[in-house]
Amino acid sequence: MLNLDENTITSEALRRMQNTSNPRLKRIMTSLVQHLHDFARQEFILLSDVLGLSMLVIAQNHRKPAACTEATVFGPFHVDGAPEYLLGADIANGAQGQPCFVDATLRGVQGEPVPGATVDVWQSDEAGFYDVQYDSNDAHRARGILHSDAQGRVYFKTILPVAYSIPTDGPVGRMLEATGRHPWRPAHIHFMIVAPGYEKLVTHVFRNDDSYLDSDTVFGVRSSLLGTYRRHEAGSIAPDGNASAVPYYTLQYDFVLNPRPATLALATGSASHAA
Ligand code: BEZ
Ligand code: FE
């Protein structure tokens, strides 16, 4: 049977178990397929996140030199096709929150700047919601794509991230409650950085003053991902050159990207065994 879709694949997988001659095995396999597919439909990735499985897999698959910025969970709120912005732009695009100016550098392990990287950024607003969580999701807010300049710098205006609860209206929420766990994530901004010659980096920069750093419900915090979001009083000149009428925040953070093995071999002049 070709072109099975999400509505037909379960019955086809169950049908293929029908010739199992051992009745006990048949019952177990039928039950496994049914439950596995139900889990996949109901927040399976979120379940993997709150059970620590996502971070376990990331830890196994993203071993890097100690100097490199660590990876963390992707989460459900990234969307493809976010708007492209010029450096210095305001990516909040109407999302509510206190102004925050982010200034980041991208470097390789030898300290070399990484120009021309694609930097996909996304975050929640001051109510703790991503744009896609609103019924009136009519525009991309607090998300966007930027490109690093010749010095490997990426800077933009956004809003201060706050701690928020992951969605609790499904089975994962019931599981957290039943096991006496809270659903909170410490405040963070998500980054996905793609640069030629370097490994893709999916990570966050957390607020280092958040009270949930030790108990992130998805186990995503690494001490190297803590950033200082510095508060500045109203009236001072913000990084965009204007005197800010309201208090604002600045974040300076340096990302260190892991070179792809072939690139590293070329850079060090050693014989490459990479295909
Ligand atoms: C997030 O940070 O967007 C996220 C990550 C894992 C689960 C839920 C949300
Ligand atoms: Fe998030």
Side-chain angles (χ1 to χ4, degrees), residues 39-62 69-82 91-93 95-98 100 102 104 119-134 137 140-146 156 158-177 179 181-193 200-227 229 249 251 253 255:
F39 269 125
R41 291 193 177 96
Q42 294 180 346
E43 304 188 308
F44 190 66
I45 296 174
L46 196 59
L47 181 65
S48 159
D49 293 340
V50 298
L51 294 182
L53 180 60
S54 302
M55 280 308 289
L56 169 65
V57 172
I58 288 167
Q60 287 173 329
N61 293 340
H62 295 270
T69 304
E70 291 167 280
T72 191
V73 282
F74 190 54
F77 298 124
H78 175 264
V79 300
D80 288 332
I91 72 164
N93 193 27
Q96 296 299 299
Q98 300 188 72
C100 179
V102 176
V119 181
D120 203 331
V121 182
W122 67 106
Q123 66 167 105
S124 63
D125 65 11
E126 67 180 4
F129 294 113
Y130 288 77
D131 53 2
V132 290
Q133 294 179 280
Y134 287 99
N137 177 30
H140 294 290
R141 295 202 168 86
R143 64 174 75 243
I145 296 173
L146 302 106
F156 56 93
T158 183
I159 50 176
L160 182 71
V162 299
Y164 65 83
S165 166
I166 65 165
T168 54
D169 55 351
V172 167
R174 292 201 294 281
M175 187 278 284
L176 289 175
E177 192 173 359
T179 53
R181 288 176 53 186
H182 75 67
W184 289 86
R185 297 218 63 208
H188 56 272
I189 301 178
H190 294 253
F191 292 85
M192 178 162 66
I193 302 174
K200 175 158 109 178
L201 175 64
V202 175
T203 197
H204 317 340
V205 180
F206 293 93
R207 269 174 66 179
N208 65 0
D209 58 353
D210 197 291
S211 55
Y212 291 110
L213 290 173
D214 282 335
S215 65
D216 179 6
T217 197
V218 301
F219 308 93
V221 181
R222 294 288 169 272
S223 52
S224 66
L225 303 181
L226 304 186
Y229 291 71
Y249 289 77
L251 168 70
Y253 190 84
F255 293 94

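Quick note: numbers below take in every heavy atom, side chains included, and nothing from hydrogens, waters or symmetry partners. Order of listing sets the numbers, starting from 1, for every ligand and every atom in it. Since this is a predicted model, take the numbers as computed values, not measurements.
D131 meets the salt bridge (charged side-chain N to carboxylate O under 4.0 Å, His left out) test with R143; sequence neighbours excluded. Under the ring pair (Phe, Tyr, Trp, His ring centres under 6.0 Å) criterion, F191 pairs with F255, not counting sequence neighbours.
Exactly one residue among T203, V205, V221 makes a side-chain contact (heavy atoms from CB on, under 4.5 Å) with T72. That residue is T203.
Distances under 2.8 Å from the Fe ion (ligand 2) pick out the protein N/O/S atoms Y130 OH, Y164 OH, H188 NE2, H190 NE2.
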What are the polar N/O contacts of ligand 1 with the protein below 3.5 Å, with distances?
from: ligand 1; atom 1: 2 (O); to: Y164; atom 2: OH; distance (Å): 2.6
from: ligand 1; atom 1: 2 (O); to: R185; atom 2: NH1; distance (Å): 2.5
from: ligand 1; atom 1: 2 (O); to: H188; atom 2: NE2; distance (Å): 3.0
from: ligand 1; atom 1: 2 (O); to: H190; atom 2: NE2; distance (Å): 3.0
from: ligand 1; atom 1: 3 (O); to: Y130; atom 2: OH; distance (Å): 3.4
from: ligand 1; atom 1: 3 (O); to: Y164; atom 2: OH; distance (Å): 2.8
from: ligand 1; atom 1: 3 (O); to: H190; atom 2: NE2; distance (Å): 3.1

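Close placement of the H182 and Y212 rings is indicated, their centers lying within 6.0 Å of each other. Annotation: H140 is not in aromatic contact with Y130 [ring centroid separation under 6.0 Å not met].
Annotation: F74, atom CZ; neighbour count of heavy atoms from other residues, nucleotides and ligands within 6.0 Å is above 12.
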Full working for side-chain contact (heavy atoms from CB on, under 4.5 Å) between E126 and I159:
CA-CA 8 Å; E126 67 180 4; I159 50 176; 5.9 Å; no
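For the pair R141 (side chain) and D125 (backbone), a donor-acceptor distance under 3.5 Å is absent.
Aromatic ring pairs are classed by plane angle as parallel below 30°, tilted from 30° to 60° and perpendicular above 60°; the pair H190 and W122 is parallel.
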